[in-house]
Every structure is written in structure tokens, then in C-alpha cells.
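Shown next, in C-alpha cells, is the structure this report addresses.
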Amino acid sequence: MKFRKLIILILILSSSLISFSQVSEDQLKLQYTYRFAENITWDEENLTDTFFLVYLGNTASFYKNFKLLEKKELQGRPIKTIECNDINNINLSRSNLIFVDNSQNENLELLFNKVLGKNILIVSDKYAIQQYVMINFIYPKKNKISFEINKKTIADQKLEIKPKLLLLGGNEIDIRELYKMQEKELDKERERVEVQKAEIEKLNANIIVKQTELKEKEKTLKAKEEELKIQTAKLNSQKLILNKIKKEVTNSKSLLLAKINDLRIKEDEIANQKNIITEQNKKVDDAKIELVAVSDEIAAKKKELKEKQIEISKKEKQLTIKDSTINAQKQWIIIGGIVLTIILILAILLVKMIKDRNLANRKLEYKNIEINNKNSEINTQKDELQLQKQYIEHQLKETNASINYALTIQNAILPLGTTISKYYQNFILFRPKDVVSGDFYWFTHLEAKNGLSAKTFIAAIDCTGHGVPGAFMSMIGNRLLNEIVNEKKITNTAEILEELNANVIKSLKQEKSDNKDGMDMCICKIEETQDNKTLVSFSGAKRPLYYYNSKTQEIEIKEGDRKSIGGAVHRKSNKIKFGVTEILTSKNDVIYLSTDGYLDQNDVNRKRFGKAKFLKTVETIAKHNMIEQKNILDGELDKHQKGADQRDDITLIGIKF
């Protein structure tokens with residue numbers, strides 16, 4: 001009864017295929033292929049923008065007809081056809097259906113194993129081994145086409161057959177001949193079953209062995225799961241420690257700002273005390289000068305007194321001589337009166353000199369006491385200044401320790417050059433202005449998944465400021481980029497910058513505060529194309545991308561948009577939307593990502609390195625390997641700087657294809 005129904009169904013459906021007799025065999029196969037695609041449901045096909053139909057063969061005329069399928073649509077989506085004559089060149093991530101020409105049947109088993117489990121439908125032509133067939137064209141009679149369907153292999157590919165496909169059958173099948181042929185095949189199949197029974201017994205024995213091995217592997221897997229739980233616990237513990245460190249860094253920043261303010265106040269007090277000490281030293285110097293003048297005056301008085309005494313002695317001798325002259329009594333009286341007058345004058349002068357000397361001595365004692373008091377006060381102030389100096393040195397030591405610890409944390413978030421080297425040749429020139437940097441660079445790699453190609457991202461970011469404030473901004477930027485790309489899976493570079501801009505504004509509450517911190521950056525997405533070339537997608541926030549074209553041997557500048565990340569809530573530039581620039585690179589092409597630090601570095605005469613000199617240098621060295629390029633760029637910067645202070649953080653990255 002079932003067999004009769006099948007015959008009637010096939011005869012009814014055959015009427016719908018009469019039109020195929022008017023077309024060529026190739027066109028008929030193509031129409032069938034399109035009907036197969038119409039009646040197959042792919043896993044997650046709602047996420048597919050385009051259906052890719054691949055022709056594996058060498059017949060140009062067939063592919064010409066095959067390409068006409070692009071005029072049709074599948075599930076309301078466009079069709080893209082791809083020609084391939086080598087099984088090794090098929091891009092499985094861009095394949096939904098593969099039509100295998102009968103000239104490639106020798107490779108069908110290899111292709112079947114490659115696409116196993118990848119949600120790809122294979123349509124083959126005249127292939128004999130049903131084990132490696134999904135849908136296969138057969139020829140039950142001369143010049144007649146039909147097909148066979150292997151439900152199991154299609155289900156293994158996570159493909160679902162629509163009922164309509166099962167009703168297509170073939171084209172004008174002779175049921176009686178097909179029945180006889182199936183009887184013969186059934187006899188052969190019985191013989192095969194007997195052989196397979198023996199093989200199954202052997203397989204059962206092997207299965208027992210495999211089950212034993214599987215149990216051992218399950219034990220090993222459980223042990224690894226326990227180890228994974230332990231590692232997960234350790235990782236959670238490390239996350240708690242990192243969060244604690246972040247809080248400590250935040251507290252350290254607050255303490256540092258408070259200590260810096262205290263330090264400024266102490267510096268002002270020290271400056272005032274220095275001025276007071278200077279004035280006091282000046283007064284002491286004046287007192288010393290006055291004391292020297294008094295001492296000189298006393299010495300002069302002593303000398304004058306000694307001269308008077310010598311003169312008095314001479315007078316006394318003269319008086320003695322005159323005493324011997326009796327006749328000169330009158331003169332004696334006169335002389336005596338004169339001598340008496342002189343003596344009185346000298347006595348008065350001597351008394352005055354003694355009084356003046358005692359007064360000078362008392363003044364000198366007062367000056368000495370005042371000087372000693374001043375010296376004592378100065379020594380006390382020196383001791384206070386020494387204590388303040390020690391306190392400041394201790395605070396600076398603690399601050400430097402905190403900054404050095406912040407450097408350890410910042411270095412931990414920066415990707416290693418060896419990590420990037422797994423994917424591309426590169427160099428990284430990174431010079432912070434202070435211990436920690438406001439510049440940072442970021443890298444991540446997303447493996448191919450769900451039909452999407454692998455993608456690599458790299459960025460160079462210049463945060464507002466440098467030192468500790470810039471380092472805090474770099475921590476925020478690194479966390480947000482990891483969240484946007486690695487967690488949210490946003491891969492369009494313009495959308496990444498838009499999302500980062502919104503999150504920075506939100507994180508720093510810039511819509512409600514006066515905070516204007518932000519960052520300038522350039523970011524690139526790198527992915528391989530089907531023809532073994534590399535596609536670079538670039539977006540920039542006030543930063544360009546420098547691209548060396550190895551064919552023209554010239555540097556091209558790809559400008560970014562005139563808009564920063566964050567800090568522009570109320571600016572006109574906030575209305576600008578970030579764009580994407582795409583570059584299809586060739587072998588030995590190089591891209592350079594940088595912040596403005598390298599080009600803005602000045603020499604001792606305050607002359608910048610400049611864009612023109614930078615482009616000339618890069619154009620000269622672009623053919624070198626990446627290690628040599630970095631060494632030359634380092635040397636050129638040192639040669640230009642000539643001992644001048646570094647004015648900003650410097651970051652320069654090179655990627656060679």
C-alpha cells in the first residue's frame with residue numbers, strides 16, 4: 001500500500017518537472033540545487049546576511065550558469081557564488097552549500113570530513129559511496145536525472161530537511177526498473193549485512209575496550225574539573241585582591257593630594273622662616289660691625305691715654321728741673337697751676353674714658369646675650385626645619401612607593417610584545433614622562449566562531465594629563481575596552497569608539513560635573529580575507545594612522561575624526577559620529593599607531609621633532625625588520641632631544657604584514 005502511494009506521489013510530482021526536459025542537463029542540476037537550498041534549514045540562518053554557494057570544479061561553462069543563481073534570493077537574502085578548483089582553498093567560514101563536480105569526486109571523502117559538523121550542505125554528482133553523500137545526483141536511465149538523499153549525514157551537519165524536499169523525488173523515473181534494481185541491491189545489501197555482523201562483533205569488542213578507556217578519561221576529566229574549581233577559586237581570590245588594590249590606589253591618590261597640599265603649606269612656611277632668618281642674620285652682622293667699631297674706639301682711647309701718660313711724665317721731668325731753679329718760683333707756680341689744670345683735665349678724661357669703656361662693655365655684653373639668644377632661636381628653627389624635612393622625605397618616600405606600586409599595576413594591564421608577535425611582526429616604543437603613564441596601548445584577539453572570521457584589535461591611547469592622573473584614566477580606558485570588545489562582542493571600530501565615549505562620560509559623571517578628562521586614540525581591526533590578504537579597519541579620535549604602502553614605497557596618512565573620547569559633553573564636536581577607513585594591505589605593508597608624544601618632543605632650542613621629519617624617518621626605515629625600526633626610532637628621538645626634558649608620554653607601535 002505504501003509503495004503504491006509512493007508511485008502515485010512520484011507520478012503527480014513528475015508533472016511539475018516536465019519543464020526540465022526543455023533545458024540542458026547542467027541547467028537542470030542547477031535548478032535542482034537551488035530547490036535543495038530552498039528546502040534546507042541551516043542552524044542560526046537568521047544571523048546570516050548572505051548565502052554563499054561554492055562550486056568545486058574546473059568547468060567554466062557550468063560555473064557561468066552557476067553564477068546566474070546570484071540573481072535569485074534565499075530566505076529573502078542575497079546569494080553569493082564562489083568558484084574554487086582546489087579543495088584546500090575553500091573558505092569554510094564563507095560556505096553554506098558546496099556543489100562538487102564529478103571531476104572532483106576523488107576528493108569528496110576528504111571534503112566530507114573537513115566540513116563535518118560545520119553546518120554545510122554538500123551536493124555531489126554520480127558519487128558511488130553513500131556514506132559520504134548528503135544529496136547526490138544519480139542517473140537511473142540514460143539522459144535522465146534523479147537524486148538520492150542521505151538523511152543521517154544531513155542531520156549530522158545540523159541541517160534540517162523540509163518535507164517539500166522529500167517530495168521532489170526525481171525526474172520521470174521508471175518505477176518498475178527502479179524496483180528491480182532495488183531488489184538486486186537488497187540481495188547485495190543482505191550479503192553486506194552478514195559481513196558487517198562479523199565486523200560489528202569485532203567492533204563490540206573494541207567498544208568494550210573504548211568504554212574502559214572512556215571511564216579512565218572520565219576519572220581524569222573529573223580530576224581536571226576539581227583542579228579547574230581550585231584555579232577558579234584562586235582567580236576569584238586574585239580578583240578580590242585586585243579590587244582591594246584598586247581601592248588602596250584610590251585612597252593613596254586622595255592621601256597624596258592632601259600630602260601635596262600640606263607640602264606646599266610647609267614649603268611656604270619654610271620660605272617665610274628663611275626670610276626671617278635672613279633678616280636676623282643681617283641684624284647679627286650689623287651688631288658685629290657695631291661691636292667691632294666700639295672695640296676700635298676703645299683701642300683708640302687706650303692709645304690716646306698712653307700718649308697722655310707719656311706726656312705727663314715728660315712734664316714731671318720738666319717740673320723737677322724747674323724746681324731746682326729758686327729764682328723761677330713764679331714760673332713754678334704758673335707751671336704748677338698748669339700741671340694741676342692738666343692733671344684735673346686728664347683725671348676728668350680718664351674718668352670719662354672708664355665710664356665710656358664700662359658702658360661699651362655693658363653694650364657688648366647685651367649684644368652678646370642678644371646674639372646668643374638669636375643663635376639659640378636659629379638652632380631651634382633649624383631643628384624644626386630638620387624635622388619637617390625628615391617628615392617631608394618620609395611622605396615623599398611613601399608617595400613614591402605608592403606610585404611605583406601603581407606602575408606595577410599599570411604594567412600588568414599592558415600587553416606583551418611577545419603576545420602580539422604570535423599574530424604579527426611588531427615593535428612597541430613606550431616612554432612614560434613620569435613613573436606611571438597617561439599613555440597606554442591595548443591588544444586583544446577574537447578567534448573564529450559561528451562562521452565569523454578571526455579578528456585582531458590593537459590601539460594606542462593618549463589620556464588627559466600624565467603621571468598619576470593619566471594612569472588612572474588609562475586603567476579606566478583599558479577596563480572599558482575589554483568590556484566592549486571581549487564581553488559585548490562589539491567589533492566595528494567606529495561603534496567601539498562611540499561606546500567607549502558614552503561609557504567614559506558615564507563613568508566620570510561628566511554630564512553632571514565639571515570633569516573634562518578624556519582620551520585621544522587610534523584603533524585598528526585586522527582580519528584575513530579569502531584571497532589571503534589582510535584587511536585593516538581603522539577609526540581615530542583626533543589621532544591618525546600612518547600606513548606604509550610597500551608597492552609605492554610611500555607613507556599614507558589616514559586621518560581620524562576631530563572628536564575626542566569623553567570630556568566633550570557640551571561641545572559641538574560631540575555631534576560628530578566616528579567613521580571607519582578600510583585598507584586592503586599586501587605583504588610587507590606596515591601600519592604605525594601613535595600618540596602625539598613622539599612628534600611633539602622638543603630639543604634644547606624648544607624645536608619639535610615634527611610630522612615631516614617623522615614621515616621621512618619612517619619612509620626610510622620601513623623596509624627594515626621591526627627590531628631595527630624600533631632601535632632607529634629610539635636613536636633619532638635621543639639625537640633630537642639632546643638632554644632636553646621629556647615633555648609628554650610617548651607611545652609608538654608598528655605592525656608589519
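Residue indices begin at 1 and follow the sequence shown. The figures that follow rest on heavy atoms only: side chains count, while hydrogens, waters and symmetry mates do not.
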Can you check whether Lys80 reaches Glu70 side chain to side chain, under 4.5 Å on heavy atoms? yes
Asp638 bridged to Arg431 by N-O distance under 4.0 Å: yes
Does the side chain of Ile428 come within less than 4.5 Å of Tyr441's, by heavy atoms? yes
Side chains of Asn96 and Trp42 in contact at under 4.5 Å (non-hydrogen atoms): yes
Donor on one side chain, acceptor on other, Arg77 and Thr50, under 3.5 Å: no
Is atom NZ of Lys613 surrounded by more than 12 heavy atoms (other residues, nucleotides or ligands) closer than 6.0 Å? yes
Polar contact flag, side-chain donor to acceptor under 3.5 angstrom, Asn91-Ser93: yes
Does Ile557, at its CD1 atom, have more than 12 non-hydrogen atoms belonging to other residues, nucleotides or ligands within less than 6.0 Å? yes
Is the ring centre of Phe62 less than 6.0 Å from the ring centre of Phe99? yes
From Gln629 CD over to Ile621 CD1, what is the distance, rounded to the nearest 0.5 angstrom? 4.5 Å
Would you say Ser453's side chain and Ala448's backbone share a donor-acceptor pair under 3.5 angstrom? no
Are more than 12 heavy atoms, taken from residues, nucleotides or ligands other than Lys489, located less than 6.0 Å from that residue's NZ atom? yes
Is there a donor-acceptor contact under 3.5 Å linking the side chains of Ser421 and Asn426? yes
So, do Ile655 and Ile420 sit near enough that their side-chain heavy atoms are less than 4.5 Å apart? yes
Side-chain contact, heavy-atom cut-off 4.5 Å: Asn549 with Glu556? yes
Distance from Thr464 atom OG1 to Ile565 atom CD1, nearest 0.5 Å? 11.0 Å
Quick check on side chain to side chain contact (heavy atoms under 4.5 Å, CB included): which of Asp462, Leu500, Thr595 does Met521 satisfy it with? Leu500
Validation row, ring centre Tyr548 to ring centre Tyr592 under 6.0 Å: no
Is the shortest side-chain N to carboxylate O distance from Glu483 to Arg479 below 4.0 Å? yes
Test item: Asp561 and Lys542 side chains (from C-beta on) under 4.5 Å apart, heavy atoms: no
Are Phe427 and Asn631 side-chain neighbours, meaning at least one heavy-atom pair lies under 4.5 Å? no
Tell me whether Glu499 is salt-bridged to Lys488, with the criterion being a basic N under 4.0 Å from an acidic carboxylate O. yes
Judged by modelled atom types alone, do Asn107 and Gln104 share a side-chain donor-acceptor pair under 3.5 Å? yes
For the CG atom of Asp589 and the OG atom of Ser550, what is their distance to the nearest 0.5 Å? 4.0 Å
Cationic N near anionic O, under 4.0 Å, Asp600 to Arg608: yes
Between Glu83 and Lys64, is the closest basic N to carboxylate O distance under 4.0 Å? no
Between CG on residue Leu92 and CD1 on residue Ile98, distance to nearest 0.5 Å: 6.0 Å
Point-to-point distance, once rounded to the nearest 0.5 Å, from CG of Leu53 to NZ of Lys67: 11.0 Å
If you count every heavy atom of other residues, nucleotides or ligands that lies below 6.0 Å from Lys623 atom NZ, does the total exceed 12? no
For the side chain to side chain contact (heavy atoms under 4.5 Å, CB included) test, which of Gln601, Glu636, Arg647 pairs with Gln641? Gln601
Taking the ring centre of each residue, are Phe609 and Phe614 less than 6.0 Å apart? no
Does NZ in Lys455 sit with more than 12 non-hydrogen atoms of other residues, nucleotides or ligands closer than 6.0 Å? yes
To the nearest 0.5 Å, atom OG1 of Thr48 lies from atom CG of Asn119 at 8.0 Å
Would you say the side chain of Ile461 lies within less than 4.5 Å of the side chain of Trp442, judging by non-hydrogen atoms? yes
